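The first residue of the sequence shown is numbered 1, and numbering continues consecutively from there. Small disclaimer: the values here were computed from a predicted structure and weren't measured.
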Amino acid sequence: AGLVSASAVTGVAGTVKVAANEVFSTASLLANGTTGGSIFVGASAGNANLGGTISASGTSGNGGSINASASQNLTLVGTVAANGADGGVINLAANSGSIALVNNAVQANGTNGRGGELSFTAANDVQVNSATITANGLTDGGSLTMVTQSGNVNITSATVQTNGSNGRGGTIGISGTNGTLITSSS
């Protein structure tokens, strides 16, 4: 494992960009600061397999943004976080393949405000196994969208939340073109 960091002790964190035909990384990709920065990971001609911590979180400001995409399959094993006063934005996309979230956490939580925005879009399937996906907020909950263009959404042994502690709950939209299966999850 390694480290790629554009973090800032004070102020807004910077930007981390990782792009190649295929991406395989167990490194931590960090853009943390008072306000979260931006992280972009793109596999333009194949798969992206990400196993380290990916974080664009704000310590007292808002969460940043994380965009991870693959031409084929996108696999995440590890923590993906854009937490902050208001939760940040996390977009995951598999343009011609599937998304697999395995034994990981995807978070865009708001510690002082609203939850963030989570979007998972796949041409084929979205597989969530033993994962925790949250866009919770101290005030209002955030939003989560999982969409397939021609496959299934399968959620197994997972926790999915967009709770608002002192305000409104958030929204969860799940749309599997062929079907949606949710088992042993909360």
Side-chain angles (χ1 to χ4, degrees), residues 1-7 16-32 36-57 63-83 87-109 115-136 142 144-148 151-162 172 174 176 180-186:
L3 171 66
V4 178
S5 178
S7 295
V16 173
K17 291 185 179 181
V18 178
N21 286 339
E22 291 203 66
V23 176
F24 176 82
S25 175
T26 58
S28 293
L29 307 177
L30 306 177
N32 298 321
S38 300
I39 298 175
F40 301 93
V41 178
S44 60
N47 300 317
N49 295 299
L50 307 173
T53 297
I54 302 171
S55 180
S57 294
S65 64
I66 298 171
N67 293 285
S69 65
S71 173
Q72 295 296 317
N73 298 313
L74 174 62
T75 302
L76 296 168
V77 179
T79 299
V80 180
N83 300 317
V89 176
I90 299 174
N91 294 307
L92 306 177
N95 300 326
S96 297
S98 298
I99 295 173
L101 306 174
V102 182
N103 295 321
N104 74 331
V106 179
Q107 310 167 339
N109 297 318
E117 300 173 21
L118 306 174
S119 174
F120 309 157
T121 305
N124 295 326
D125 298 331
V126 175
Q127 302 283 341
V128 179
N129 297 310
S130 301
T132 301
I133 301 170
T134 57
N136 297 326
L144 165 66
T145 304
M146 284 188 202
V147 176
T148 66
N152 299 309
V153 174
N154 297 313
I155 302 172
T156 304
S157 300
T159 299
V160 179
Q161 299 176 339
T162 60
I172 299 173
I174 300 172
T180 299
L181 176 65
I182 302 172
T183 58
S184 303
S185 299
S186 59

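Between the CG atom in Asp125 and the CG atom in Asn152 there is a gap of 5.0 Å [rounded to 0.5 Å]. Atom CG of residue Leu181 and atom CD of residue Gln127 lie 9.0 Å apart, to the nearest 0.5 angstrom. In this structure, Leu92 CG and Met146 CE are separated by 9.5 Å, a value rounded to the nearest 0.5 Å. Rounded to the nearest 0.5 angstrom, Leu30 CG and Ile39 CD1 are separated by 6.5 Å. Going from atom CG of Asn83 over to atom CG of Asn109 covers 4.5 Å, rounded to the nearest 0.5 Å. Atom CG of Asn124 is separated from atom CG of Asn73 by 7.5 Å, given to the nearest 0.5 angstrom.
Between Gly88 and Ala108 the shortest heavy-atom distance is O-CB, 3.6 Å. Looking at every heavy atom in both residues, Ser44 comes nearest to Ser71 through O-CB, 3.3 Å. Residue Gln72 comes nearest to Ala45 through the heavy atom pair CG-O, 4.5 Å, listed as atom of the first residue, atom of the second, then distance. Taking every heavy atom of both residues into account, Ile182 and Ser185 meet most closely at CG2-CB, 3.9 Å. Heavy atoms only, all atoms of each residue included: Gly97 and Ala122 are closest at O-CB, 3.7 Å. Annotation for Ile155 and Ala158: closest pair CG2-CB, 3.6 Å, computed over non-hydrogen atoms.
Residues Phe120 and Val153 have side chains not in contact (no heavy-atom distance under 4.5 Å, counting atoms from C-beta outward).
Side chain of Gln107 to main chain of Thr134: no donor-acceptor pair is present (N/O by atom type, distance under 3.5 Å, no hydrogens or angles). Checking side-chain atoms of Ser98 against main-chain N and O of Val126 turns up no donor-acceptor pair under 3.5 Å. Side-chain N or O atoms of Ser7 include one that pairs as donor or acceptor with a backbone N or O of Asn32 at under 3.5 Å.
The one candidate from Thr159, Val160, Thr132 that meets the side chain to side chain contact (heavy atoms under 4.5 Å, CB included) condition with Ser186 is Thr159.
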Can you check side chain to side chain contact (heavy atoms under 4.5 Å, CB included) on Thr121 and Thr145, steps first, answer last?
CA-CA 8 Å; Thr121 305; Thr145 304; over 6 Å; no

